[in-house]
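Order of the sequence lines fixes the chain letters, A, B, ..., with proteins taken first and strands second; residue numbering starts at 1 for each chain.
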Amino acid sequence: MPELPEVEVTRRGIDLPLRDALVLGLRLGKPLRWPLGCDPAKVQGQRIGPVLRRGKYLWVPLHPESSGGGPAGGLLLHLGMSGSLALLAQAPPPGPHDHFDLLTTQGTLRLNDPRRFGAVVWSPALDQPPAAALLARLGPEPFDPELTPQRFHAALQRHRAPIKSVLLAGGAVVGAGNIYACEALFQAGIHPGLRSDRLSRPRAEKLLAAVRATLARALTLGGSTLRDFSDVHGMSGAFQTEAAVYGRAGQACGRCGAAIRRIVQLQRSTYYCAQCQKR
DNA sequence: CTGGGCTCCTGTCAGC
DNA sequence: TGCTGACAGGAGCCCA
């Protein structure tokens with residue numbers, strides 16, 4: 001489900017409402033990808049700081065009150081394939097897929113995640129384990145001005161795998177998952193099977209611009225909702241309605257009319273137009 | 001070191 | 001209607 005736009009939409013939905021809220025408690029449901037890694041009582045009484053996003057991870061910083069509480073730290077959250085967060089003023093009893101509640105003075109932050117590929121992990125700091133280890137492999141943020149076309153091209157030159165796979169791996173740029181990688185490649189006119197190191201400098205530049213444009217457009221539309229993503233207010237995203245290729249196998253390409261194809265790369269579906277996207 | 005396959009888990013949908 | 005298999009937005013881990 002959640003790629004960078006969905007995670008960022010989520011971050012924006014919880015950041016201000018939770019700012020400076022006090023943690024009243026924490027409830028865990030069925031196990032997620034990893035154990036929380038701390039005593040749930042440890043976060044009680046902590047104050048919530050600005051919520052950050054890195055790649056598809058969210059970081060909820062916690063600071064102890066001067067009067068007491070445990071040491072500073074935070075919660076690293078990942079929504080996995082099927083996770084979504086809701087901020088509830090009056091939290092109903094947890095459903096079968098509600099596996100994490102952070103009870104605060106500003107409402108309950110609830111993670112719903114049917115497939116449980118998501119995670120909530122306590123870490124003493126972003127740059128310390130376990131958070132640091134998880135973030136270490138992430139490439140640059142797509143909107144980081146330091147990610148120049150030259151650097152992007154250089155990163156692509158280091159891989160011989162298909163360009164689609166390299167985008168998904170996130171080492172050259174983070175945030176484009178299966179939907180947005182397909183869409184960006186279409187927009188850039190690049191075949192998903194093209195070897196990464198065969199992209200010319202101009203095409204790499206075009207691809208970077210397409211990744212940025214695709215993610216930005218998705219952000220303004222509130223992300224994509226294929227089956228179960230919703231923002232913290234329960235609202236669906238709208239990007240999927242204007243996806244050019246994703247999920248459209250057999251349909252006519254909006255640009256040239258050729259049938260959109262579906263292939264499998266890394267056990268994931270790739271959609272593309274063989275007419276518009278060239279090696 | 002790199003690339004790619006497997007795996008975690010539950011739900012949905014198409015086809016028989 | 002019911003069963004079965006394919007597939008689903010991620011990504012860490014392991015092996016060749």
Original post:
How is A:Arg195 classified with respect to the nucleic acid when contacts are heavy atoms under 4.0 Å: base, sugar-phosphate, or nothing?
Top reply: nothing
Original post:
Taking any strand in view, what nucleotide pairs with C:dG2 in a Watson-Crick or G-U wobble way, both distances under 3.5 Å?
Top reply: B:dC16
**OP:** Taking atom types as modelled, find out whether A:Thr108 and A:Asp101 have a side-chain donor-acceptor pair closer than 3.5 angstrom.
**Re:** no
**OP:** Heavy atoms under 4.0 Å is the rule here; annotate nucleotides 11-16 of chain C 5' to 3' with B where the base is hit, S where only the sugar-phosphate is, and - elsewhere.
**Re:** BSS---
Original post:
Can you check the A:Arg53 CZ to C:dG10 P distance for me, whole Å?
Top reply: 14 Å
Original post:
Is a donor-acceptor contact shorter than 3.5 angstrom present between the side chain of A:Arg115 and the base of B:dC9?
Top reply: yes
**OP:** Send over the distance from A:Gln240 CD to C:dG9 C1', rounded to a whole Å.
**Re:** 11 Å
Original post:
Ring of A:Phe117 versus six-membered ring of B:dC8: centres under 5.5 Å and planes under 30°?
Top reply: yes
**OP:** Take atom CG of A:Leu215 and atom P of C:dG9, then tell me their distance rounded to the nearest Å.
**Re:** 16 Å
Original post:
Are more than 12 heavy atoms from other residues, nucleotides or ligands located less than 6.0 Å from atom CZ of A:Arg201?
Top reply: yes
Original post:
Which nucleotide, B:dT10, C:dG9, B:dG3, lies nearest any side-chain atom of A:Leu226?
Top reply: C:dG9
Original post:
Over how many whole Å does the gap from A:Leu32 atom CG to B:dT7 atom C1' extend?
Top reply: 16 Å
Original post:
A:Glu183 and A:Thr214: side-chain donor and acceptor closer than 3.5 Å?
Top reply: no
**OP:** Could you work out the separation of B:dC1 and C:dA11 based on their P atoms and round it to a whole Å?
**Re:** 23 Å
Original post:
What distance, rounded to whole Å, do you find between the two P atoms, one in C:dC7 and one in B:dG5?
Top reply: 15 Å
Original post:
Quick one: is A:Thr225 getting a side-chain N or O under 4.0 Å of the C:dG9 phosphate, OP1 or OP2?
Top reply: no
Original post:
So, is A:Tyr271 near the phosphate of C:dC7, with a side-chain N or O under 4.0 Å from OP1 or OP2?
Top reply: no
**OP:** Give A:Tyr180 one of three labels, base, sugar-phosphate or nothing, depending on what nucleic acid heavy atoms sit under 4.0 Å from its own.
**Re:** nothing
Original post:
Can A:Arg53 and A:Glu141 be counted as an ion pair, charged N to O under 4.0 angstrom?
Top reply: yes
**OP:** For C:dG9, give its Watson-Crick or G-U wobble partner with both distances under 3.5 Å, or none.
**Re:** none
Original post:
Is the shortest side-chain N/O distance from A:Arg116 to OP1 or OP2 of B:dT10 below 4.0 Å?
Top reply: yes
Original post:
Rounding to a whole Å, what distance do you find between A:Leu111:CG and B:dT10:C1'?
Top reply: 14 Å
**OP:** Taking the six-membered ring of A:Tyr246 (Phe, Tyr or Trp), confirm whether the NZ or CZ of A:Arg262 is under 6.0 Å from its centre and within 45° of its axis.
**Re:** no
Subject >> Rounded distance in Å - NZ (A:Lys164) to P (B:dG4) >> reply: 12 Å
Original post:
In terms of the nearest nucleotide of DNA chain B, which residue is placed more toward the 5' end: A:Pro114 or A:Ala161?
Top reply: A:Ala161
Original post:
Hey, is CZ on A:Arg160 packed in by over 12 heavy atoms from elsewhere, all under 6.0 Å?
Top reply: no
Subject >> Phosphate-side-chain proximity, A:His97 and B:dC9, N/O vs OP1/OP2 below 4.0 Å >> reply: no
Subject >> A:Cys273 backbone acceptor or donor facing A:Arg261 side chain under 3.5 Å >> reply: no
**OP:** Figure out the CZ/C1' separation between A:Phe229 and C:dG10, and round it to whole Å.
**Re:** 14 Å
**OP:** Indicate, with a heavy-atom threshold strictly under 4.0 Å, whether A:Pro96 touches base, sugar-phosphate, or nothing.
**Re:** nothing
Original post:
Can you tell me if A:Gln277 uses its side chain to pair, donor with acceptor, with the backbone of A:His191 under 3.5 Å?
Top reply: no
**OP:** Please report, rounded to the nearest Å, how far the C1' atom of B:dG4 is from the NE2 atom of A:His159.
**Re:** 13 Å
